[in-house]
Amino acid sequence: QVQLVESGGGLVQPGGSLRLSCAASGSIFSINVMGWYRQAPGKQRELVAAITSGGSTNYADSVKGRFTISRDNAKNTVYLQMNSLKPEDTAVYYCYADNVVVTTTLYLEVWGQGTLVTVSS
C-alpha cells in the first residue's frame with residue numbers, strides 16, 4: 001500500500017514560519033503531482049499548492065509570495081515552506097499525491113491524515 005505521512009504542523013505566532021513535510025512510503029515507481037490542501041473551520045477544503053514531477057507549481061492566490069512548495073523525487077517527499085503566517089492560515093493541512101504508480105497499480109489519489117497548523121498570538 002501507499003501511505004503519506006505529514007509532519008511539521010503546530011502552533012506558531014502570526015508572522016512566523018513553519019515547514020511541512022510529507023513523505024510517501026512504499027515501493028513507488030512514480031508520482032505525478034504532490035501537494036497540499038487545507039481545511040479551515042467552517043470552510044471548504046482548498047488547494048494550497050501543488051507541484052508536478054517536473055517542477056511546475058500552482059499556488060492559491062491567498063498564499064502566493066508567502067508559501068513555497070518543493071519536492072524531492074528521489075525521496076518521494078513534498079515540502080511546504082510557510083512564511084509570514086496569518087491567523088487565516090489556521091487549518092488542517094492535508095498532503096496528497098496524484099497518479100501514484102506502485103508496480104502495476106495506479107493510485108489516482110492518495111491522502112495523508114492531516115496535520116494541524118494553528119496561527120495565533
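None of these values were measured; they are calculated from a predicted model. Reckoned from all heavy atoms, side chains included, excluding hydrogens, waters and symmetry mates.
With values rounded to the nearest 0.5 angstrom, T68 atom OG1 is found 11.0 Å from R19 atom CZ. Remark: D89 CG to S62 OG distance equals 7.0 Å, nearest 0.5 Å. The line from OG1 of T57 to OH of Y59 is 4.5 Å long, rounded to the nearest 0.5 Å. With rounding to the nearest 0.5 angstrom, the CD1 atom of I51 is 6.5 Å from the OG atom of S70. Atom NZ of K86 is separated from atom CZ of R66 by 4.5 Å, given to the nearest 0.5 angstrom. We find the CG-CZ distance between L80 and F67 to be 6.0 Å, quoted to the nearest 0.5 Å.
Judged by distance alone, with hydrogens and angles left aside, the side-chain atoms of E6 form no donor-acceptor pair with the main-chain N or O of T115 at under 3.5 Å. A distance-only check finds a donor-acceptor pair linking the side chain of N73 to the backbone of S53 [under 3.5 Å].
With a 6.0 Å radius and a threshold of 12 heavy atoms from other residues, nucleotides or ligands, Q113 has its CD atom above the threshold.
Residues G8 and L20 come closest through the heavy atom pair C-CD2, 3.5 Å. The shortest heavy-atom contact between V78 and C95 is CG1-SG, 3.8 Å. Looking at every heavy atom in both residues, S21 comes nearest to W36 through O-CH2, 3.6 Å. The minimum heavy-atom distance between S17 and Q81, with the atom names listed, is CB-NE2, 4.0 Å. In terms of heavy-atom proximity, G35 sits nearest to I69 at CA-CD1, 3.8 Å. Minimum interatomic distance between T52 and R71 (heavy atoms only, all atoms of both residues): C-NH1, 3.1 Å.
You'll find the side chain of F29 stays beyond 4.5 Å of the side chain of T103, heavy atoms only. Annotation: side chain of T90 is not in contact with side chain of V117 (no heavy-atom distance under 4.5 Å). Put simply, the side chain of P87 does not reach to within 4.5 Å of the side chain of S120, judged on heavy atoms. Between I31 and N99 the shortest side-chain heavy-atom distance does not fall below 4.5 Å. With contacts defined as side-chain heavy-atom distances shorter than 4.5 Å, the pair T105/Q1 does not qualify.
Checked against L106 for a side-chain contact (heavy atoms from CB on, under 4.5 Å), the options N32, V100, V101 give a single hit: V101.
Annotation for L116: hydrophobic cluster partners, listed by chain and number, are V33, Y37, L47, V92, Y94, Y96, W111 (ILVMFWY side-chain heavy atoms under 4.5 Å, direct or chained).
Residues passing the salt bridge (charged side-chain N to carboxylate O under 4.0 Å, His left out) test with K64, sequence neighbours excluded: D61.
The cluster map of Ile, Leu, Val, Met, Phe, Trp and Tyr, joined by side-chain heavy atoms under 4.5 Å apart, puts L108 and I28 in different clusters. Under the 4.5 Å side-chain heavy-atom criterion for grouping Ile, Leu, Val, Met, Phe, Trp and Tyr, Y93 is not connected to Y79 through any hydrophobic cluster.
Side-chain N/O atoms of D72 and T77 include no donor and acceptor closer than 3.5 Å.
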